[in-house]
Colleague: 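Before I ask anything, here is the structure I am working with.
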Amino acid sequence: KRGLAAATAAQNQQPVEEIETTSARRCWARTTRSLTWMVPDWAMSCCGLRREDMRMAWREKVAICVIIVGLWALVLFFIIGLGLLMCPKQFVYTMDEVAGHTERSNAFVSLRGRVYDISNFLNQEHGRSRGGASPEDMVLYAGQEVNASFPLALRAACPELVGAQDDPHWLMYLKADIETEATFPFVHRAGSLANSKTLMRQDFYYRSAVPRMRGFRVGDVVWDMAHVRALHRKAGQYWRVINGDVFNLTPYFATRDAPENVDSRKWHFLHRLVESIFEDAGARDTDVTKYWNMLPLSRRVRQANHRCLKSLFYVGRVDTRHSFRCLFPNFLLLAAACLLMLVITVKFLASLQLASRRKPLKHDRFVICQVPCYTEGEASLRRTIDSLATLGYDDKHRLLFIICDGNIVGSGNDRPTPRIVLDILGVDARLDPPGRAFRSIGEGAQQHNVAKVYSGLYEYEGHVVPYLVVAKVGKPSEKSRPGNRGKRDSQMLLLHFLSRVHFEAPMSPLDLEIFHQMKNVIGVHPSLYEYLLMVDADTEVLPDSLARLVSCMVHDAKVIGICGETMLTNEDFSWTTMIQVYEYFISHHMAKAFESLFGSVTCLPGCFCMYRLRTSRGLPLIVSKNVVRDYSENHVDTLHKKNLLSLGEDRYLTTLMMKYFPQYKMTFTPDAKSKTTAPDTWSVLLSQRRRWINSTVHNLVELVFLPEMCGFCCFSMRFVVFIDLFGTLTMPCTLIYLAYLIYLAVTKIADIGYISLILIGAIYGLQAVIFVLKRQWQHIGWMIIYLLAYPLWSFFIPVYAFWHMDDFSWGNTRIVVGEDGRRQIFVKDEDPFDPEDVPMKSWAEYEAEIHERQRQIEEIEAVAHAIDEFGNGSVRPVSRFTELPLPYQPL
């Protein structure tokens with residue numbers, strides 16, 4: 001409320017603009033509020049966020065971070081949690097796995113369906129009553145089932161079914177136990193050793209053996225269901241499954257049906273109904289759970305029989321590790337991995353171009369080479385200008401168009417940037433053309449700007465190239481960074497001019513001056529230029545690159561935007577530059593080569609790319625009204641717009657071209673190359689990547705919702721864009737998952753996800769293969785350096801970028817009040833922009849005025865000549881013009 005009151009007070013003094021808020025914006029604003037309701041506005045004001053637009057941007061950032069963390073949780077649940085939920089870790093072993101643990105330091109045994117690790121147990125003292133058992137004696141048990149070493153009296157195992165009246169002397173044993181006692185040198189038969197009080201107890205197994213071995217238990221024995229079924233139906237044995245437990249009653253029936261026991265009722269200690277579900281002659285299923293549950297037995301009888309089965313005949317559980325429930329999460333991961341591998345494989349194959357580079361054809365198309373500059377040093381500017389001057393392209397058909405963004409002295413420079421550029425081009429320091437007014441991208445009065453225009457020919461190494469320099473110097477009242485309005489404004493300066501030329505629209509004084517310099521000084525009409533090459537002031541273009549870009553455009557009329565490969569000039573300058581080499585190759589070569597297959601390169605980098613100005617039929621492209629209108633957006637008042645237009649203007653320009661011209665192509669050619677200088681300090685790299693990552697996220701969101709993108713479903717560019725967006729947002733999950741895998745490898749609490757490891761290995765292994773095939777051995781080394789810095793790329797830098805998504809210079813001229821309904825934007829502390837400060841007129845009108853003025857001057861000169869000829873000063877001819885029109889004066 002206080003913010004609204006302050007806004008109302010300001011509105012009483014300054015004119016107010018009202019902007020309609022879209023329904024999508026209102027929906028997002030409500031979502032943002034719902035996710036950040038716990039932070040009140042007054043608390044944010046106390047922390048320095050006193051303006052409504054800044055508070056809203058902070059809320060948007062937090063909301064986006066909440067969504068991103070939610071995506072992390074979803075991805076990690078899909079990779080880790082889903083498998084643990086559907087198929088928890090099972091500490092189970094097959095008998096083959098038990099048999100593999102026979103070493104003294106890794107010794108396992110199985111006893112009545114349980115598995116025990118006796119690696120430490122066998123080193124302790126044993127059998128002292130019989131002289132002791134050495135570790136060498138004990139290791140004989142390793143890897144085996146040791147039931148025969150612990151025979152169980154039936155009365156001890158099934159006290160509810162075998163009573164004292166049946167076995168008063170504890171002599172009833174299963175026939176199998178008696179026959180296999182000789183298997184092991186030590187047999188622990190209860191009551192068999194008089195000098196051992198423990199072993200003399202009839203409940204020795206349950207009272208002493210089981211409690212002592214409980215601490216060494218590592219799991220259960222498991223059996224494959226197919227194997228159990230084969231023992232039942234093909235081998236005729238009494239193996240059955242009840243509730244997932246595997247029972248082997250073969251010893252029971254062998255003992256019951258032995259000739260010496262056949263007439264004794266006491267050997268039928270299991271209930272006859274229980275016996276009946278095992279004696280099916282192979283007719284029933286091996287899993288008899290259904291029949292077990294249907295037995296008409298009392299609860300006491302059922303429990304007594306079940307306890308007896310578990311004590312004597314339990315041999316383990318059914319192995320469910322390969323069931324559909326356990327394999328389903330792996331199938332999902334495998335399907336996702338295959339899909340990603342398909343995309344990655346196609347991406348790498350797209351970059352695998354083994355054909356030799358063909359020499360480009362010569363063309364006579366006119367090209368403007370645009371170079372926006374800000375505070376670059378002389379060496380960087382000279383390298384860029386000289387590389388453009390020495391391009392292998394006809395000098396007369398290209399124009400160096402250099403735009404100096406403000407009259408500013410950069411760090412380490414001794415002159416303003418415009419002066420450095422003019423000195424490189426050899427412009428006389430005494431030349432001072434008049435300033436020309438134009439409308440810039442800015443807030444309030446910042447929209448009024450002034451620039452000076454210089455033109456001429458630049459001679460370098462046998463080349464004579466026309467140039468045109470526009471130095472934005474600002475109004476005389478500007479003291480801080482005069483004329484500076486940003487890179488986007490520099491680009492729009494030229495795009496506005498070319499658009500007005502195409503549509504023959506009214507022009508600003510600066511546009512008219514540029515038109516005059518091009519047509520009358522350089523000698524090329526502005527409408528003749530067909531292509532616009534964009535180059536940053538720290539980029540060096542290789543000599544044949546422009547010819548290759550033009551050749552691609554001429555060869556395919558559907559291509560309206562194209563870029564080449566950007567390499568680094570300072571690869572080994574510092575560790576900061578070294579970790580970027582491989583990343584540059586991936587993002588500026590492989591990724592763009594893949595996107596080029598769809599004809600939809602999502603980012604033509606402003607450091608080196610080229611656009612077609614219009615089609616052969618005259619349809620405007622990059623100079624169209626829609627592109628110019630959206631790209632020159634002046635109300636950059638939301639977090640989304642800030643990231644689109646202030647951080648990622650180059651990427652957003654590409655997005656606009658794909659939005660308005662989906663039927664055309666944005667491509668990449670690896671043959672055209674340029675070199676740029678990478679950040680050589682950590683702070684600069686962090687700042688650059690913050691801008692790139694955040695602008696990438698917001699631009700990909702725009703692309704996902706474009707109505708027309710080529711392809712269908714998973715084979716569409718929309719799917720690729722979605723994968724890129726999802727991968728950018730969830731990049732930190734990769735490091736979290738790798739840390740989890742390392743934790744599993746160390747603790748061994750669960751199985752390692754081999755599918756993910758195979759996927760990661762395949763990705764980087766495939767890249768290494770690509771490098772070998774292309775004989776680019778150096779990239780293998782750069783890839784290793786990149787992997788060493790992987791935690792920085794995958795976690796620290798993205799997290800830093802996401803949290804600093806609202807890190808902008810918001811200025812103090814505009815405040816946005818209210819996100820519901822209409823947004824009211826008002827000017828504060830500065831005069832509003834007056835469009836009359838920048839008068840507009842068409843070139844035809846301006847040229848007609850020039851001709852009229854020239855005609856009037858000629859007439860005056862003729863009158864003056866007549867006066868001199870008559871020689872009579874008292875008689876003066878009267879002109880029919882009483883007042884000459886003033887020429888179109890500069891500021």
Colleague: Within the distance-only criterion (no hydrogens, no angle test), does the side chain of Asn413 pair as donor or acceptor with the backbone N or O of Glu376 below 3.5 angstrom?
Modeller: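 Between the backbone of Glu376 and the side chain of Asn413 there is a qualifying donor-acceptor contact (under 3.5 Å).
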Colleague: Salt-bridge test for Arg855 and Glu861: reply yes if a basic N is under 4.0 Å from a carboxylate O, no otherwise.
Modeller: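 Salt bridge: no.
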Colleague: Tell me yes or no: between the side chains of Ser527 and His502, is some donor less than 3.5 Å from an acceptor?
Modeller: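 Absent: no donor and acceptor within the cut-off.
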Colleague: Is the backbone N or O of Tyr393 less than 3.5 Å from a side-chain atom of Arg398, with the two atoms forming a donor-acceptor pair by type?
Modeller: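 It does hold such a pair.
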Colleague: Between Thr654 and Cys603, is there a donor-acceptor pair closer than 3.5 Å when you use the side chain of the first and the backbone of the second?
Modeller: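 No; zero donor-acceptor contacts below 3.5 Å.
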Colleague: So, Glu849 and Lys841, do they make that salt bridge, N to O below 4.0 Å?
Modeller: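 Lys841 and Glu849: salt-bridged.
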Colleague: Taking 4.0 angstrom as the limit, do Asp432 and Lys452 come out as a salt bridge?
Modeller: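 Counted as a salt bridge, because a side-chain N and a carboxylate O are separated by less than 4.0 Å.
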Colleague: For the side chain of Thr696 and the backbone of Trp692, is there at least one donor-acceptor N/O pair under 3.5 Å apart?
Modeller: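 Side chain of Thr696 to backbone of Trp692, a donor-acceptor pair under 3.5 Å: yes, one is there.
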Colleague: For Asp405, is there an ion pair with Arg485 - N to carboxylate O distance below 4.0 angstrom?
Modeller: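 Salt bridge absent between Arg485 and Asp405.
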Colleague: For Phe515 and Trp843, take the angle between the two ring planes, folded into 0 to 90°, and tell me which bin it lands in: parallel under 30, tilted 30 to 60, perpendicular over 60.
Modeller: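 Correct class here is parallel.
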Colleague: Say whether, by atom type as modelled, one donor and one acceptor occur between the side chain of Thr417 and the main chain of Cys404 under 3.5 angstrom.
Modeller: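 Not confirmed, Thr417 side chain does not pair with Cys404 backbone.
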Colleague: Backbone N or O of Thr667 within a donor-acceptor pair of the Ser596 side chain at under 3.5 Å?
Modeller: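 Not a single qualifying donor-acceptor pair exists.
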Colleague: Parallel, tilted or perpendicular for Tyr458 and Tyr460, by the 30°/60° rule?
Modeller: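 Correct class here is parallel.
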Colleague: Can you name the nearest heavy-atom pair linking Cys369 to Leu546, along with the distance?
Modeller: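 Cys369 and Leu546 have their closest heavy atoms at SG-CD2, 4.5 Å.
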Colleague: Does NZ or CZ of Lys487 fall inside the cone over Tyr374's six-membered ring, less than 6.0 Å from its centre and within 45° of the axis?
Modeller: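 No, Lys487 and Tyr374 do not form such a contact.
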Colleague: So do Met534 and Tyr611 actually touch side chain to side chain, heavy atoms under 4.5 Å?
Modeller: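 Contact flag for Tyr611/Met534 side chains = yes.
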Colleague: Are any side-chain N or O atoms of Glu649 and backbone N or O atoms of Arg488, one a donor and one an acceptor, separated by less than 3.5 Å?
Modeller: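 Between the backbone of Arg488 and the side chain of Glu649 there is no qualifying donor-acceptor contact (under 3.5 Å).
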Colleague: Would you say the side chain of Glu847 lies within less than 4.5 Å of the side chain of Lys519, judging by non-hydrogen atoms?
Modeller: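 Yes. Closest side-chain heavy atoms under 4.5 Å.
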Colleague: Between Asp536 and Thr539, is a side-chain hydrogen bond (donor to acceptor under 3.5 Å, both in side chains) present by the stated rule, with each step listed?
Modeller: CA-CA 5 Å; Asp536 278 350; Thr539 301; 5.0 Å; no
Colleague: Ser646 side chain to Asn643 main-chain N or O, any donor-acceptor pair under 3.5 Å?
Modeller: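 Answer holds: no.
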Colleague: Looking at Arg415 and Glu378, does any basic side-chain N land under 4.0 Å from a carboxylate oxygen?
Modeller: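 Glu378 and Arg415: salt-bridged.
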Colleague: Determine the interplanar angle of the Phe585 and His589 rings, folded into 0 to 90°, and report it as parallel if under 30°, tilted if 30 to 60°, perpendicular if over 60°.
Modeller: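 Rings of Phe585 and His589: parallel, as their planes differ by under 30°.
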Colleague: Between Asp386 and Arg383, does any side-chain N to carboxylate O distance fall below 4.0 Å?
Modeller: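 No, this pair does not count.
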Colleague: Taking only Lys NZ, Arg NE, NH1 and NH2, and the carboxylate oxygens of Asp or Glu, determine whether Asp394 and Lys362 approach each other closer than 4.0 Å.
Modeller: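 Between Lys362 and Asp394 there is no salt bridge, as every charged N stays at least 4.0 Å from the carboxylate O atoms.
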Colleague: I'd like to know if the side chain of Thr577 reaches the main chain of Glu571, judged simply by a donor and an acceptor atom lying under 3.5 Å from each other, with no hydrogens or angles considered.
Modeller: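 Yes, because the side chain of Thr577 sits within donor-acceptor range (under 3.5 Å) of the backbone of Glu571.
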Colleague: Could you check if a side-chain atom of Ser508 sits within less than 4.5 angstrom of a side-chain atom of Arg436, using non-hydrogen atoms only?
Modeller: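 No, side chains not in contact.
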Colleague: Quick check with a 6.0 Å cut-off and a 45 degree axis cone: is Lys558 positioned over the face of Tyr664's six-membered ring?
Modeller: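 Verdict for Tyr664: a cation-pi partner in Lys558.
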